[in-house]
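Convention: sequence-line order gives letters A, B, ...; per-chain numbering from 1. Just so it is clear, the model here is predicted, and its values are computed rather than measured. These values consider heavy atoms only, across backbone and side chains, with no hydrogens, waters or symmetry-generated copies.
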There are 2 protein chains.
Amino acid sequence: MFGDKERPLYEIKANLFKGLAHPYRIKILEILSRSEEVSVAQMLKETGLEGSHLSQHLAVLRKHQLVTSERRASVVYYRLAYPEVADLLRVARQLLGELLGDTQSRLVGATELPNIPELPESVSK
Amino acid sequence: MFGDKERPLYEIKANLFKGLAHPYRIKILEILSRSEEVSVAQMLKETGLEGSHLSQHLAVLRKHQLVTSERRASVVYYRLAYPEVADLLRVARQLLGELLGDTQSRLVGATELPNIPELPESVSK
DNA sequence: TGATGGAATGATAAATCCATCATATCAGAA
DNA sequence: TTCTGATATGATGGATTTATCATTCCATCA
């Protein structure tokens with residue numbers, strides 16, 4: 001195993017992307033990208049997730065240092081840890097523009113990409 | 001399940017990040033970012049991976065449409081499917097600059113992030 | 001044709017991740 | 001203090017991902 005100093009950058013980067021690699025976490029980060037600061041209660045509404053499930057995804061995002069949280073009274077507020085997180089989502093959107101623009105990609109995407117668990121209505125976009 | 005048209009963007013984005021969420025795939029994409037076009041043989045050398053393992057990761061990258069491949073004679077050449085892929089890595093690097101710049105993050109990263117399988121010497125950076 | 005080298009695919013066990021449910025913590029109200 | 005609403009943590013089974021090994025495919029050369 002590696003000490004942190006010598007740990008290859010690839011692994012740190014891969015970890016970063018792992019933090020982003022779930023539809024609900026993307027959803028959460030996009031909510032945070034728009035709003036500066038959002039309470040867990042608000043996210044519950046916007047995502048339609050069950051409480052502990054949301055908390056679990058928030059824990060992942062915290063672990064990867066993509067968000068920070070602050071408790072005021074009994075409410076916990078989240079925000080993006082760095083504006084670059086939003087940049088990352090922006091570039092991803094841009095790449096997907098290209099990617100989905102290609103005629104074939106629809107079909108390929110539909111048939112070959114892993115199937116995706118259904119989300120509650122409220123989450124659809 | 002969703003047809004491709006209504007499939008929420010979050011899921012498509014999450015899939016994109018999943019394609020990036022492995023150290024060897026980052027390594028591979030960075031090699032491709034530098035070189036316009038690279039043969040599998042060259043990647044074998046640069047990554048130190050065993051053949052079928054490399055192929056498997058290349059298959060993942062193809063499935064996610066992050067790279068394209070072309071066979072000329074018996075050699076297969078890969079390249080990035082879109083320049084935005086390199087952008088994504090660039091932004092990630094930038095974010096990590098912030099993230100690792102913070103004093104605490106080293107410790108947190110070392111103790112709390114999932115442990116990472118050791119890579120052969122040749123891959124270390 | 002058969003043999004050879006480069007690359008991809010298939011199968012499998014181990015590791016990791018996810019959704020669900022139950023339980024715990026924390027802070028304010030009664 | 002006990003209760004209650006808000007949030008987090010723990011445990012568990014099922015699904016997905018990964019590393020390894022064996023096999024197959026594809027193109028060239030003898």
Where at least one partner belongs to residues 48-57 of chain A, residue pairs that pass salt bridge (charged side-chain N to carboxylate O under 4.0 Å, His left out), sequence neighbours excluded: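 As it turns out, there is no salt bridge (charged side-chain N to carboxylate O under 4.0 Å, His left out) pair with a partner in residues 48-57 of chain A once direct neighbours are skipped.
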In whole Å, I'd like the distance from the [atom1] atom of [X] to the [atom2] atom of [N].
{"X": "A:Leu54", "N": "D:dT7", "atom1": "CG", "atom2": "P", "value": "9 Å"}
{"X": "B:Lys63", "N": "C:dT9", "atom1": "NZ", "atom2": "P", "value": "12 Å"}
{"X": "A:Met43", "N": "D:dA8", "atom1": "CE", "atom2": "C1'", "value": "14 Å"}
{"X": "B:Ile28", "N": "C:dA7", "atom1": "CD1", "atom2": "C1'", "value": "13 Å"}
{"X": "B:His53", "N": "C:dA11", "atom1": "NE2", "atom2": "P", "value": "18 Å"}
{"X": "A:Lys45", "N": "D:dG5", "atom1": "NZ", "atom2": "C1'", "value": "14 Å"}
{"X": "A:His64", "N": "C:dT16", "atom1": "NE2", "atom2": "P", "value": "13 Å"}
{"X": "B:Tyr10", "N": "C:dC18", "atom1": "OH", "atom2": "C1'", "value": "20 Å"}

Apart from B:Val75 itself, what residues make up its hydrophobic cluster, given side-chain heavy atom links below 4.5 Å? B:Tyr77
Take the angle between the ring planes of B:His53 and B:Tyr24 and call it parallel below 30°, perpendicular above 60°, tilted in between.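 The rings of B:His53 and B:Tyr24 stand perpendicular, inter-plane angle above 60°.
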State the pairing partner of D:dA30; accept Watson-Crick or G-U wobble contacts with both distances under 3.5 Å, and report none otherwise. C:dT1
Sugar-phosphate or base contact per nucleotide [nucleotides 22-29 of chain C; S, B, -; heavy atom under 4.0 Å]: B---SSS-
Under the side-chain hydrogen bond (donor to acceptor under 3.5 Å, both in side chains) test, residues paired with A:Arg71 that sit two or more places apart: none
side-chain hydrogen bond (donor to acceptor under 3.5 Å, both in side chains) with B:Ser39: which residues, sequence neighbours excluded? B:Gln42
Partners of A:Gln56 by side chain to side chain contact (heavy atoms under 4.5 Å, CB included), sequence neighbours excluded?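 Counting only residues at least two positions away or on another chain, A:Gln56 forms no side chain to side chain contact (heavy atoms under 4.5 Å, CB included).
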If the cut-off is 4.0 Å, is [X] near the phosphate of [N], judged by side-chain N/O to OP1 or OP2?
{"X": "B:His22", "N": "D:dA19", "value": "yes"}
{"X": "B:His57", "N": "D:dA19", "value": "yes"}
{"X": "A:Tyr78", "N": "D:dA8", "value": "yes"}
{"X": "A:Arg62", "N": "D:dT9", "value": "yes"}

Starting at CZ of B:Arg34, measure out to CG of B:Leu80 and round the result to the nearest 0.5 Å.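 Answer for the CZ-CG pair, B:Arg34 versus B:Leu80, is 11.0 Å.
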Could you work out which one of D:dT7, D:dT20, D:dG10 sits closest to the side chain of B:Gln56?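 Taking heavy atoms from C-beta onward, the closest nucleotide is D:dT20.
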